[in-house]
Each structure stands twice: as structure tokens, then as C-alpha cells.
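Okay, structure first, notes after.
Being a predicted model, the structure only gives us computed values, none of them experimental. Atoms within a ligand are numbered from 1 in the order they appear, just like the ligands themselves. The chain is numbered in sequence order, starting from 1.
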Amino acid sequence: MPRTRRVAVVGGGMSGCAAARELVMAGREVTIYEADDGLGGRARSWHRPEIEPDTGINLWFTTFYGELFERIKEYGLEHDMVEMRNSMVVVANGKPVNLVADEISTLVTYAHSGAWDKLRFLAASMALTAKRSKLDLFEPEQLAAFDNGTSAAEWARNTMGENAYQHLIRPMIESFWLWRCEEISQAHVMAMIANVVGSKFYVFGRGMETVAERMAGGAEVRLNTEVSELSVDGDNRIRITASDTDGGSVTDTFDEVVMATTAPVTAKLAASLPREIASPHLLRFAETQRYEPALSVSFLIDRGRMPSGEHIVPAGPGTRSVRSIITVPKTLITRDGRHIEKELTFVYLGREATRELIDAPEKVQYARALELAPALWPAFPKDAEPFHIVRRPVGLMWPEPGRYRRAAQLAREQRGPVVFAGDYLGCPTAEASMRTGIRAVNSLLATT
Ligand SMILES: Cc1cc2nc3c(=O)[nH]c(=O)nc-3n(C[C@H](O)[C@H](O)[C@H](O)COP(=O)(O)OP(=O)(O)OC[C@H]3O[C@@H](n4cnc5c(N)ncnc54)[C@H](O)[C@@H]3O)c2cc1C
């Protein structure tokens, strides 16, 4: 009987765990290497037992996430889904106005845009919605056809005019995705708009990592194990060297490898492999990927002092010192067992402040967030209580103009025994990451 082929998956985020699931189903013996102490990667939430529900901000997902919904059904996780309101408070010139992007009634009363801007925005949204089946946000192969080098800003200005761009498109894109519309492909924004109409938004009550953990079922999971080197032995098998938390180093040998880390880690680790094993085109692409850092600074604020369960976002021209303020109603359980209603309030600072503060001490990060928050919400309480900070120096990769086209081409070129997965080969969402994992395994199975 032939020996079962051994496959290593380097990285236990959504892409790596989705790849592991496919490999286990294909009868491979699978080992996941994960540097962190749990699975889920950037999709992992954080937990603090003194608040209920005890997760912090959690990854959003929506009804157009096909693969994720398949897994939810398969694992019976429907009861864990918490529906979120898709509403914003848009602030321009100090004036807050409510907007639900796909609700015509709030668009009609939206005071930051005139009737003509709204009509042009609506017409563009309807035209894109009609093309929805050709504009899957998670399939670079489809987006490639729209990724002609035009930026999202140029597209929006040409299609609906300057004011609609500044007061409708920028608040919807830049506050959530952290990039600037000038820097990203029109294909990304077109696909977002095409799919968002009529969608419902959710988070998982216990965090997105519940799905990652289920997908890893059947694989051996090595947590706290950071891969430091890949090489090829005399039998053309791939040797992986990793360090564990005790400072020890372990080496193991595999027939095949799925690299499922962020682009910079992949570029560094796979660089030492021979070019016939690890595609030099893909490695060059990985080297050039840029990521926007994310710094989430949260405070506890008494209920009633901030709008509840809202995304507060800026609109209008110019750069932003604060990109968004998100409030989530929670119950705080005090040491003596009292229950106090609070608003867990996240402040996301603008690009310059984020870059400046990403490595600063937490005390400085809280102080600066408290100082800048009133630029977006003047009534932000000065006595807001610092609660939790999450920093991701490598946060959201940029879908620059042309990169979906390139990603589609590279996906077609993938060959075993080393294949690549990760959101940088799709777009920065849990769904796209999962699909890159599945695509990588399909390429592996087709070529080995
Ligand atoms: C601030 C922020 C908000 C987001 N919000 C949303 C959202 O609301 N909805 C949504 O769908 N998506 C969201 N995303 C995007 C989503 O989190 C990512 O696209 C997705 O989780 C990426 O998965 P991945 O597997 O490609 O990469 P990762 O999650 O980065 O996984 C890579 C894994 O590799 C591990 N690793 C790294 N180096 C090594 C090594 N040497 N050895 C072993 N393991 C290693 C890492 O620890 C990590 O677990 C958000 C991202 C950020 C940063």
C-alpha cells in the first residue's frame, strides 16, 4: 500500500485551516504549524471575562460569504451568529447624519449629499448589483476583468461626482478598510457595492476562531511553534525547522507544504527553496505586498453618553485624524458582582497617528486616542476608561490597482509540492482567505 503523503500547513489562520480541512478530506496526513497560542490568526477575537458577551470586537461576516456559510451549516454554528446593524453615523463639518447604505429611506434623508449625487450613487449601485454574478469580491479571477489600473477614487469621481465620492464612498470604504480610495483598485469597491445591497451582517458570539478550530479537525495542530526555516533534503522532501516556546528547535520532513502566513513571512521563509519548488513569481509578488497597520484602542463608557451600537465615521475631503469610532453595548460585571451597562467604544486613529503609535506604550496609545477622538465626536467623554488594545502591525493588505489581475494570474500558476495561501492572494476577508486555502490545495492535488 502506498504511504500516506504528509503535508505541513504553515500558519493556522483562516486560509491555513481551510487548506487543512481540504487536505484531510483528500486523505493526507496534515500538520498545522502555528506560532501563536491558538488558531484563527488575524480573525481571532479577544476575550475579557468581566464583560458580557466576553469577546471584544469581532470579525464581521455577511450573507455573501459563501464558503463560510457552508462551514457554519456543516458545523451547526447558526446559533452562534449575532446579527449586526449595518448603520453608520456620518459626520461632516461637525454634523452627524444617520445612514444605512442600502436603505433608500435613510439615503433620501442623508443631508451630506444633494439629490443629484444620491441619484448618481443609486444608479451606479443598481448597475453594479445587476452585475453581481460577475463581481465576486473573493475571486480575483473575476475581479481581474475590472482591475484595469483605475483607482477606486478615480472610478467614483467619474461615475458619481466629487461630492458623492467624498460623502458616500469614502466613509463607506476608508473607515472600515483603513486604506485610502486613491490607493486601491476600483474592482474592490465595485465588488463591495455590487454585493452589499440586501446583505445581512453578523459576528460570531464566541469569535471567528470557532470556525478555524473546527476546520482544523483531523489535522495535528502544533501551537506555539514558529517555523524558522524550510529546506529540501536529498529525497526532494521538504524539511521544516520550527522553534517552540521553550526555546527548543524541532525538525520534521514532509512531502508537501502549504504556506499560509502573511506575505512578508512567506517571502522570507520560502526564499531559500529552489525555484522549481517555490514559484519565484509568487515570491516576488509576496515581497511587494503592502499592509495597513491596525491599532484598535478601546474604552468603557457609561451607556447613554455615546450613540449605542454605531459606527461613527467621518466624511468630506482631507485626511482623517480619526477613521472611525465603533460602539458596542456590553454589560460590565464588577468584582462585587454588580452589572453595569456600558458602551465598549473602539477608536481607530488615522493613518499617520496609527503608524506613529503602533509600537508606542499602551499608556501613550490611550492618551493619544483620548486626545484625538473629539476631532470626530466632540462629545467623546474625557473620562472614558481605558480597557483593551489590539495592535496588528501587519493588518489589512492593500488591493492596489492591478493586484487582483496579478493575483489571478499567480493562482493559475500554482504548482505543488509547495503552494501558497493567504488573504494577499485574494482580499483581506475571512472568506477570501478560506478560498485561497482551498484553491492552493486544489492546485497541490492537481500537480502531485
Ligand atoms: C483590523 C482588522 C479587521 C478586520 N476585519 C475583518 C472583518 O470584519 N471581516 C472579515 O472577513 N475580515 C476582516 N479582516 C481580515 C481578516 O482578518 C484576514 O483577511 C484573515 O483573517 C487573514 O487570514 P490568513 O489566514 O490569510 O492570514 P492570518 O490570519 O495572518 O494567518 C497567518 C497565521 O500564520 C501564523 N504565523 C505567522 N508566522 C508564522 C511562522 N513563522 N510559523 C508558524 N505560524 C506562523 C500567524 O500567527 C497566523 O495565525 C480584518 C483584518 C484586520 C487586521
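Pairs of residues two or more places apart, or lying in two chains, that qualify as salt bridge (charged side-chain N to carboxylate O under 4.0 Å, His left out) and include a residue from residues 13-25 are R21-E74. Among residues at least two apart or in separate chains, salt bridge (charged side-chain N to carboxylate O under 4.0 Å, His left out) pairs with a member in residues 427-440 are D136-R435, E139-R435, E139-R439, E431-R435.
Close to ligand 1: Y33, with a non-hydrogen atom less than 4.0 angstrom away. Taking a 4.0 Å cut-off on heavy atoms, Y65 registers as neighbouring ligand 1. Note on ligand 1: T225 sits in its first shell, one or more heavy atoms being nearer than 4.0 Å.
Proximity annotation for atom 6 (C) of ligand 1: of L68, V227, L59, L59 comes nearest, heavy atoms only. Compare G12, A260, C427 by their heavy atoms: the one nearest to atom 32 (C) of ligand 1 is in A260. Of the candidates A43, G13, C17, S433, the one placing a heavy atom closest to atom 20 (C) of ligand 1 is S433. Of the candidates M14, E34, M397, E34 brings a heavy atom nearest to atom 46 (C) of ligand 1.
The protein heavy-atom contact nearest to atom 26 (O) of ligand 1 is D423 N, 2.9 Å. With respect to atom 34 (O) of ligand 1, the closest heavy atom belonging to the protein is G11 CA, 3.3 Å. Nearest protein heavy-atom contact of atom 8 (O) of ligand 1 is W60 N, 2.9 Å. Of the protein's heavy atoms, A35 N, 3.1 Å lies nearest to atom 44 (N) of ligand 1. From the protein, the heavy atom lying nearest to atom 50 (C) of ligand 1 is L396 CD2, 3.8 Å.
Heavy atoms of S15 found under 4.0 angstrom from ligand 1 belong to the backbone as well as the side chain. Heavy atoms of V265 found under 4.0 angstrom from ligand 1 belong exclusively to the side chain. Counting heavy atoms under 4.0 Å from ligand 1, residue Y424 does not touch it at all.
Every atom of ligand 1 with a heavy atom of A430 under 4.0 Å away is listed here by number and element: 10 (C), 11 (O), 12 (N). Less than 4.0 angstrom separates some heavy atom of G422 from each of these atoms of ligand 1: 26 (O). In the vicinity of T261, heavy-atom distances shorter than 4.0 Å reach the ligand 1 atoms 32 (C), 34 (O), 36 (N), 37 (C), 38 (N), 39 (C), 45 (C). The contact set between ligand 1 and G41, taken as ligand atoms under 4.0 Å from a residue heavy atom, comprises 29 (O), 48 (C), 49 (O). The atoms of ligand 1 that sit less than 4.0 Å from any heavy atom of T262 are 30 (O). Each of the atoms 12 (N), 14 (N), 15 (C), 19 (O) of ligand 1 lies under 4.0 Å from some heavy atom of P428. Every atom of ligand 1 with a heavy atom of A294 under 4.0 Å away is listed here by number and element: 1 (C). Counting the atoms of ligand 1 from 1 in the order shown, those under 4.0 Å from a heavy atom of G395 are 53 (C).
Both tests hold for R48 against F387: distance to the six-membered ring centre under 6.0 Å, angle to the ring axis within 45°.
For ligand 1, the polar-atom distance check against T429 finds a nitrogen or oxygen pair separated by under 3.5 Å. Polar contact check, R42 against ligand 1: a nitrogen or oxygen pair lies under 3.5 Å apart. Residue L178 has no nitrogen or oxygen atom sitting less than 3.5 Å from a nitrogen or oxygen atom of ligand 1, judged on distance alone. Considering backbone and side-chain atoms alike, N58 places every N or O at 3.5 Å or more from each N or O of ligand 1.
If you check the side chains of E174 and W179, you find no donor sitting under 3.5 Å from an acceptor. Under 3.5 Å, the side chains of Q409 and R406 contain a donor-acceptor pair of N or O atoms. A donor and an acceptor atom, one from each side chain of S185 and D147, are located under 3.5 Å apart. Donor-acceptor pairing under 3.5 Å is recorded for the side chains of E343 and S308. Between Q365 and R391, the side chains place no donor N or O within less than 3.5 Å of an acceptor N or O (distance only, hydrogens not considered).
V89 and P96 make their closest contact through CG1-CB, 3.6 Å (heavy atoms, listed as atom of the first residue, atom of the second, distance). Nearest heavy-atom pair, A315 versus Y110, reported as atom, atom and distance to 0.1 Å: CB-OH, 4.5 Å.
Between F138 and Y65, the ring-plane angle classifies as perpendicular under the 30° and 60° cut-offs. Taking the six-membered ring where tryptophan is involved, the planes of W177 and H188 are perpendicular, since the angle between them exceeds 60° and thus also 30°. A perpendicular orientation is assigned to the rings of F299 and Y366, their planes being inclined by more than 60° (bins at 30° and 60°).
Using a 4.5 Å heavy-atom cutoff, the side chains of P293 and I358 are in contact.
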Practice item. Starting from the C-alpha separation in whole Å, work towards a yes-or-no answer on salt bridge (Lys or Arg N to Asp or Glu O under 4.0 Å) for R44 and E213. Key: CA-CA 11 Å; R44 251 177 118 186; E213 286 156 10; over 6 Å; no
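Checked against the 6.0 Å centroid threshold, Y291 and Y424 do not count as a close aromatic pair.
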